[in-house]
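Right, one structure below, let's go through it.
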Amino acid sequence: MQISVLLPIKSTIISSSSDHHYHHHMSSEKTLFSSLKLCNPQKKIGNRPNIFECFSPISSKSRLAAASDSTAKAEIDDEKSVIQLPGDLRPELLTKHVALIIDGHGRWAKNKGLPIEHAHYESKQKLKQLILNCRKFGIKILTVYVFSTENWNRPKDEVDFLLAHFEGFIQSFITEQIMGQDLRFSVIGDKSKLSQSMQSTISSVEEFAKCNRGMHFLMALNYGGRYEITEASKKIACKVEQGILRAEDINESVFEQQLLTNVTELPNPDLLIRTGGELRVSNFLLWQMAYAEFYFSSKLFADFEEADLS
Ligand SMILES: CC(C)=CCC/C(C)=C/CC/C(C)=C/COP(=O)(O)OP(=O)(O)O
């Protein structure tokens with residue numbers, strides 16, 4: 001079986017203001033079609049040992065900090081798909097599922113006297129680096145809140161820019177990571193409100209990543225925790241109505257199966273990171289976050305560095 005994916009053509013735009021010079025490698029995402037096998041034959045799924053079996057009470061932040069310490073040089077042996085960690089870093093202490101709220105774009109742009117699109121662009125670069133780092137340190141799942149069900153209330157130009165930006169990101173960076181690095185990929189959220197083009201990009205790329213076994217990147221797009229819980233309740237009510245399920249058999253596990261995060265085997269994050277200084281969860285993974293630890297950083301996401309995790 002073959003599918004077509006869009007590959008990007010990169011163009012360089014250099015813009016400057018009185019005190020900044022921006023070298024933008026904006027993805028124009030022109031459509032260069034390429035036929036690819038559905039499952040990448042190069043990737044080795046192999047017998048990767050499950051290094052995440054044990055649970056430790058040590059705080060997730062410390063675990064992530066340990067993982068991101070500059071002295072902690074984790075290496076991925078792509079050939080064998082085995083994560084090699086430095087001597088003093090115990091794999092069972094690593095965070096498994098990290099959830100991330102990226103905030104502070106408006107303030108970043110305002111501080112620099114730039115249009116908000118610059119913040120979104122800068123933030124995309126940071127997100128790419130973060131995905132690479134999480135993969136490098138053996139994080140199993142990274143869920144990032146890129147667009148909430150409330151974000152439609154932003155100015156139309158910004159919404160259009162963001163959605164095009166996300167689609168380009170999936171077609172270029174995510175596709176590259178899926179092909180070369182065994183990344184798994186899913187979008188969680190109400191996809192029915194997205195354009196047809198966006199919906200078909202998402203389903204092609206999700207399908208293409210289906211056989212992968214590496215880190216799972218979940219993009220929360222047009223996502224809302226209340227929306228997710230409401231939809232799960234409707235699905236359960238339908239099953240009861242159809243006589244497939246008895247009301248007394250509904251329990252947490254049955255409910256969890258109806259949530260959008262059911263696409264991944266470890267749906268509950270152990271760590272939430274929110275940048276931008278706000279101390280709230282903003283309708284993100286409300287059910288799944290029940291036992292997560294929270295790390296709030298005052299840094300704006302476009303300024304967020306690996307060192308800020310330590
Ligand atoms: C392509 C890709 C996946 C990029 C990822 C980064 C990205 C563009 C995320 C958008 C998230 C967003 C609307 C944040 C809100 O900041 P805000 O504007 O509300 O900030 P403020 O609190 O300072 O106003």
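Bear in mind the structure is a predicted one, so any value in this text is a computation, not a measurement. Just so you know, ligand 1 is whichever comes first in the structure, and atom 1 is the first atom listed for that ligand.
- Counting only heavy atoms from C-beta outward, the side chains of Ile102 and Tyr145 never approach each other to under 4.5 Å.
- Looking at Trp152 and Asn222, their side chains do bring a donor and an acceptor atom within 3.5 Å of each other.
- Although no hydrogens or angles enter the test, the distance criterion places no donor-acceptor pair under 3.5 Å between the side chain of Glu228 and the main chain of Gly189.
- Ordered by chain and residue number, the residues placing a heavy atom less than 4.0 Å from ligand 1 are Ile102, Asp103, Gly104, His105, Gly106, Arg107, Ile116, His120, Ser123, Lys124, Leu127, Val146, Arg154, Leu162, His165, Phe166, Phe169.
- Figure legend: Lys110 and Trp108 shown without cation-pi pairing, the cationic atom not lying both under 6.0 angstrom from the six-membered ring centre and within 45 degrees of its axis.
- Below 30°, between 30° and 60°, or above 60°: for Phe294 and Phe296 the angle between ring planes is above 60°, a perpendicular geometry.
- Every residue meeting the side-chain contact (heavy atoms from CB on, under 4.5 Å) condition with Lys235, not counting sequence neighbours, appears here in chain and number order: Gln258.
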